[in-house]
Amino acid sequence: MHTYRIGDAAALLGVSVDTVRRLVDSEKLIAERDELGRRIIPGPALAAYARQTHRAERESTGSSARNRFSGIVTDVVLGDVSAQVEIQAGPFRVVAMVSRESADELALEPGVPAVAVIKSTNVVVEKP
């Protein structure tokens, strides 16, 4: 079973180390002690917490797409027909090609909040 140290769990959840410590202290997140006495979080417990948290926060959008990344537009490169839009969603950079018409209608420019909605039949999963 894979385990995570507090800092690694915080990075994966996108929260501070103090937040993870509070979650453990309030028993909302299970932690154990390793051989050196450090708190570690079992992978299945971290996955269950993340799944529960994100399902609770998900709003019904009337869409079949389930991959939604809220962020801020950091760059827009307009072409004659298409536009390249870059969104920073937490630690993730999402780059999308959209029509020029869509970019204009949405008034996309750096600083505008945006949600990248991704629905794909081809997703690559890698282990770090």
Side-chain angles (χ1 to χ4, degrees):
M1 172 180 56
H2 197 86
T3 59
Y4 296 90
R5 295 185 60 183
I6 297 285
D8 295 331
L12 289 170
L13 293 174
V15 298
S16 71
V17 170
D18 286 337
T19 296
V20 174
R21 285 190 185 117
R22 283 193 296 274
L23 290 170
V24 169
D25 291 343
S26 66
E27 298 180 355
K28 292 179 181 175
L29 185 58
I30 297 168
E32 302 168 349
R33 298 276 178 178
D34 68 6
E35 62 279 353
L36 298 175
R38 296 176 298 205
R39 290 193 283 189
I40 56 172
I41 300 170
L46 185 60
Y49 177 80
R51 187 172 42 252
Q52 172 192 3
T53 301
H54 290 287
R55 281 194 179 142
E57 292 175 356
R58 186 185 312 156
E59 296 176 13
S60 176
T61 61
S63 172
S64 64
R66 296 293 180 246
N67 304 302
R68 304 174 63 82
F69 299 94
S70 296
I72 186 170
V73 174
T74 56
D75 193 23
V76 178
V77 179
L78 298 173
D80 293 335
V81 177
S82 64
Q84 177 179 309
V85 181
E86 188 173 309
I87 298 171
Q88 191 68 37
F92 305 106
R93 175 179 169 253
V94 179
V95 180
M97 294 299 292
V98 301
S99 69
R100 168 71 187 253
E101 181 180 3
S102 294
D104 290 341
E105 283 179 11
L106 293 170
L108 296 178
E109 62 183 17
V112 171
V115 178
V117 180
I118 301 167
K119 184 162 182 132
S120 176
T121 58
N122 186 22
V123 177
V124 176
V125 177
E126 299 177 340
K127 285 182 71 176

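Residue numbers count from 1 along this sequence. Values in this document were obtained by computation on a predicted structure and should not be read as measured data.
- Ionic pairing of R21 and D18 is present here: one or more N-O contacts between side-chain nitrogen and carboxylate oxygen are shorter than 4.0 angstrom.
- In this structure, R100 contributes its side chain and G79 its backbone to a donor-acceptor pair below 3.5 Å.
- Side-chain contact check for L46 versus L12: some heavy-atom pair is nearer than 4.5 Å.
- Considering all non-hydrogen atoms of both residues, A31 and P42 come closest at CA-CD, 4.4 Å.
- In the displayed structure, R39 atom CZ is contacted under 6.0 Å by more than 12 heavy atoms of other residues, nucleotides or ligands.
- Here the shortest heavy-atom pairing between A83 and A103 reads CB-CB, 3.8 Å.
- L78 and V73 end up in the same hydrophobic cluster when Ile, Leu, Val, Met, Phe, Trp and Tyr side chains are linked at under 4.5 Å.
- Residue V24 is grouped with residue V17 when hydrophobic side chains (ILVMFWY) are merged at heavy-atom distances under 4.5 angstrom, including chains of intermediate members.
- With a 4.5 Å cut-off on side-chain heavy atoms, V20 and I41 count as touching.
- A heavy-atom distance below 4.5 Å is found between the side chains of L23 and Y49.
- The distance from atom CG of D8 to atom OG1 of T3, rounded to the nearest 0.5 Å, is 9.0 Å.
- There is a path of hydrophobic side-chain contacts, each under 4.5 Å, that joins V15 to I6.
- V95 and V117 are assigned to two separate hydrophobic clusters, defined by single-linkage of ILVMFWY side chains at heavy-atom distances under 4.5 Å.
- Across all their heavy atoms, A89 and F69 have their closest contact at CB-CB, 3.7 Å.
- Sparse packing is recorded around CD1 of I30, with 12 or fewer heavy atoms of other residues, nucleotides or ligands lying under 6.0 Å away.
- In this structure, CG on L13 lies 10.0 Å from OH on Y4, to the nearest 0.5 angstrom.
- Taken to the nearest 0.5 Å, the CD atom of Q88 stands 8.0 Å off from the CZ atom of R93.
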